[in-house]
Amino acid sequence: MSLRRVQVTDFRCLQSAALDLDPRFTLISGPNASGKTSLLEAIYILGRGRSFRTRRLEHLIRQGAEQFVVFGEVETPDRRIPMGVEGMAAGIRARVAGEKTSSLAELALMLPVQIIDPEVHRLIEEGPSRRRRFLDWGVFHVEPSFIGHWQRYHQALKQRNAALKSRQPRAVISAWDPDLVRYGDLVTDARSRYVAFLAHQAETVGRNLLGMDLTLSYRPGWSREQSFSEAVQQSWNHDQESGATQVGPHRAELSIRLEGMGVKDRISRGQQKLLAAALLLAQVKLFPESAPVQPCLLLDDPAAELDDDRLAGLIREVSEHSVQLIVTTLHGEFAAFGAPGRRFTVDAGRVVPH
Ligand SMILES: Nc1ncnc2c1ncn2[C@@H]1O[C@H](COP(=O)(O)OP(=O)(O)O)[C@@H](O)[C@H]1O
Ligand SMILES: [Mg+2]
């Protein structure tokens with residue numbers, strides 16, 4: 001099952017565009033600044049409720065318009081399920097099957113979307129929060145109960161931190177500890193299980209794409225010699241001084257090593273891009289075959305980023321798995337992924353079938 005239709009209104013430079021997508025491979029071509037990335041961004045926001053380019057919603061609204069709308073239809077065996085996202089300066093509103101969503105996780109369940117774009121190296125280069133988000137998206141699709149545990153953990157953390165900051169008595173602060181530890185342990189267990197699977201996939205993809213030994217491990221956000229509960233107890237003075245909880249899954253890190261060495265500041269930009277692409281592909285490959293909707297993989301101008309050999313490697317990795325591919329390219333001709341089921345050209349914000 002896949003995203004079969006997307007309609008975009010007042011999103012970036014796209015005033016009004018509608019695309020009927022192929023379940024396997026759709027190719028979008030057009031000159032620079034025509035709106036190719038904006039189209040992928042619109043699809044991404046439909047599945048994630050956020051952009052990969054900016055946190056500021058007002059940047060996404062077409063200049064002069066009040067709000068943007070992205071509408072999609074996901075095909076299931078018996079019907080097409082509509083979903084939509086509206087964005088205005090005040091925030092975002094989403095609907096799935098005609099009902100308002102209570103959390104953005106509902107969008108993710110309907111449309112699991114992943115992107116490899118020219119900024120993909122940020123996954124390696126930036127701080128751990130980006131890697132935690134990467135991890136959590138994957139965990140959520142393998143274990144849907146994860147999102148509830150994650151939310152309960154963050155609720156407890158927020159309350160505990162508020163109590164620490166306003167210098168409440170210890171009993172008031174510690175009242176949050178049982179929830180913090182209970183849900184923190186559940187989040188940690190789910191992430192650890194996932195990283196064990198991911199590490200295995202990443203090793204193969206890393207070898208194929210980078211020709212290097214890629215190893216992943218999960219650091220839970222406190223010293224491994226202790227339980228989380230012990231770590232929370234021990235961190236008390238530190239927490240009190242700093243006014244915030246210093247240990248826990250919110251401080252976790254996905255540790256990435258190439259040929260046994262840490263990657264930060266050690267590898268070239270080109271290698272960072274390949275490494276990040278390898279991680280994202282490993283995640284797509286790990287996507288459960290039993291999931292109701294196949295993952296939708298957006299590739300933004302891959303030909304500009306990768307040489308022919310790397311591109312061939314990427315295609316091999318992708319073609320082994322059932323994914324819906326939506327690819328952009330500067331040039332109309334793009335043979336690398338075989339013949340697209342559908343093609344579109346974009347020019348100055350106008351999208352036409354090709
Ligand atoms: N909020 C907006 N309103 C109108 N135009 C925008 C907005 N945000 C970006 N643009 C314009 O959209 C154009 C297309 O951008 P983009 O999708 O990145 O093009 P491409 O990927 O085809 O190179 C750019 O010229 C940019 O200035
Ligand atoms: Mg672009």
Side-chain angles (χ1 to χ4, degrees), residues 3 5-19 21 25-72 84-94 111 113-123 125 269-270 272-274 276-277 280 296-307 310-311 314 318 324-334 336-337 340 342-354:
L3 180 66
R5 185 173 170 81
V6 60
Q7 254 169 263
V8 181
T9 310
D10 290 332
F11 188 88
R12 297 254 192 210
C13 64
L14 307 161
Q15 185 174 7
S16 173
L19 292 84
L21 301 167
F25 174 26
T26 302
L27 185 66
I28 297 166
S29 58
N32 272 323
S34 57
K36 300 181 297 299
T37 302
S38 302
L39 263 179
L40 298 189
E41 196 177 23
I43 295 170
Y44 188 90
I45 217 166
L46 195 57
R48 297 273 188 141
R50 53 179 292 161
S51 163
F52 55 87
R53 290 207 282 193
T54 178
R55 284 164 184 266
R56 312 235 336 237
L57 274 175
E58 65 271 25
H59 289 183
L60 303 176
I61 303 169
R62 195 173 64 88
Q63 216 158 24
E66 298 273 296
Q67 60 165 42
F68 71 77
V69 181
V70 183
F71 171 80
V85 169
E86 281 176 350
M88 50 223 94
I92 206 156
R93 271 204 305 246
L111 180 60
V113 62
Q114 191 67 275
I115 178 141
I116 298 180
D117 76 331
E119 298 296 308
V120 71
H121 57 272
R122 289 164 69 185
L123 180 62
E125 199 181 60
R269 175 58 60 89
Q272 285 182 344
K273 284 182 194 281
L274 273 175
L280 290 163
C296 177
L297 180 61
L298 312 174
L299 300 180
D300 195 12
D301 205 0
E305 299 295 322
L306 301 167
D307 59 45
R310 307 290 193 200
L311 204 52
L314 186 83
V318 168
Q324 180 179 22
L325 267 183
I326 304 174
V327 182
T328 70
T329 174
L330 255 182
H331 311 289
E333 287 317 308
F334 188 79
F337 288 93
R342 283 180 193 264
R343 282 166 185 271
F344 296 88
T345 43
V346 194
D347 199 4
R350 294 176 59 84
V351 185
V352 284
H354 191 74

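What you are looking at is a predicted structure, and each value in this text was computed from that prediction instead of being measured. Atoms within each ligand, like the ligands themselves, are counted from 1 in listed order.
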> Just which atoms of ligand 1 are under 4.0 Å from any heavy atom in Ser38?
Replying inline: 15 (O), 16 (P), 17 (O)
> If you count the non-hydrogen atoms of other residues, nucleotides and ligands that lie under 6.0 Å from CZ in Arg343, is the total more than 12?
Replying inline: yes
> How far is atom 9 (C) of ligand 1 from its nearest protein heavy atom, and which residue and atom name does that atom have?
Replying inline: Arg12 CD, 3.6 Å
>> On a heavy-atom basis, I'd like to know which of Ala33, Gly35, Ala42, Ser29 is closest to atom 25 (O) of ligand 1.
In response: Ala33
> Under a heavy-atom criterion of less than 4.0 Å, does Arg53 contact ligand 1?
Replying inline: yes
>> Quick check: closest heavy atoms across Gly49 and Ile92, and the distance to 0.1 Å?
In response: O-CD1, 3.6 Å
> With backbone taken as N, CA, C and O and side chain as the heavy atoms from C-beta onward, which portion of His59 lies under 4.0 Å from ligand 1: side chain, backbone, both, or neither?
Replying inline: backbone
> Once you round to the nearest 0.5 Å, how far does CG of Leu14 lie from CG of Leu60?
Replying inline: 11.0 Å
> Please state which protein non-hydrogen atom is closest to atom 12 (O) of ligand 1 and give its distance, to 0.1 Å?
Replying inline: Cys13 CB, 3.2 Å
> So, for Leu111 and Cys296, which heavy atoms are closest and what is the spacing to 0.1 Å?
Replying inline: CD1-CB, 4.2 Å
> Side chain or backbone of Asp301 under 4.0 Å from ligand 1, or both, or neither, by non-hydrogen atoms?
Replying inline: neither
>> Could you check whether any side-chain N or O of Glu86 sits under 3.5 Å from a backbone N or O of Gln67, counting only pairs where one atom can act as donor and the other as acceptor?
In response: no
>> Can you confirm whether Leu298 sits close enough to Asp117 that some side-chain heavy atom of one is under 4.5 Å from a side-chain heavy atom of the other?
In response: no
> Is the shortest distance from atom 2 (C) of ligand 1 to a protein heavy atom below 4.0 Å?
Replying inline: yes
> Less than 4.0 Å between atom 27 (O) of ligand 1 and some protein heavy atom, yes or no?
Replying inline: no
> Within the structure, does Ile61 bring an N/O atom to less than 3.5 angstrom of an N/O atom in ligand 1?
Replying inline: yes
>> Which of the numbered atoms in ligand 1 are under 4.0 angstrom from any heavy atom belonging to Pro31?
In response: 22 (O)
> Do the non-hydrogen side-chain atoms of Thr328 and Val346 ever get within less than 4.5 Å of each other?
Replying inline: no
> Do Leu57 and Phe68 touch side chain to side chain, with heavy atoms closer than 4.5 Å?
Replying inline: yes
> Of all heavy-atom pairs between Ser34 and Cys13, which one has the smallest distance, and what is that distance?
Replying inline: O-SG, 3.8 Å
> What is the number of protein N/O/S atoms located under 2.8 Å from the Mg ion (ligand 2)?
Replying inline: 1
> Any side-chain heavy atom of Arg310 within less than 4.5 Å of one from Lys273?
Replying inline: no
>> In the structure I gave you, are the side-chain heavy atoms of Arg48 and Gln114 within less than 4.5 Å of one another anywhere?
In response: yes
> Got an N/O contact under 3.5 Å between Asn32 and ligand 1?
Replying inline: no
> Short N/O distance, under 3.5 Å, between Gln63 and ligand 1?
Replying inline: yes
>> Distance under 4.0 Å to a non-hydrogen atom of Ser34: what atoms of ligand 1 satisfy this?
In response: 19 (O), 20 (P), 22 (O)
>> Quick one, Ile326 and Leu39 - any side-chain contact, counting heavy atoms below 4.5 Å?
In response: no
> Within the side chain of Lys36, is there an N or O that forms a donor-acceptor pair under 3.5 Å with the backbone of Val327?
Replying inline: no
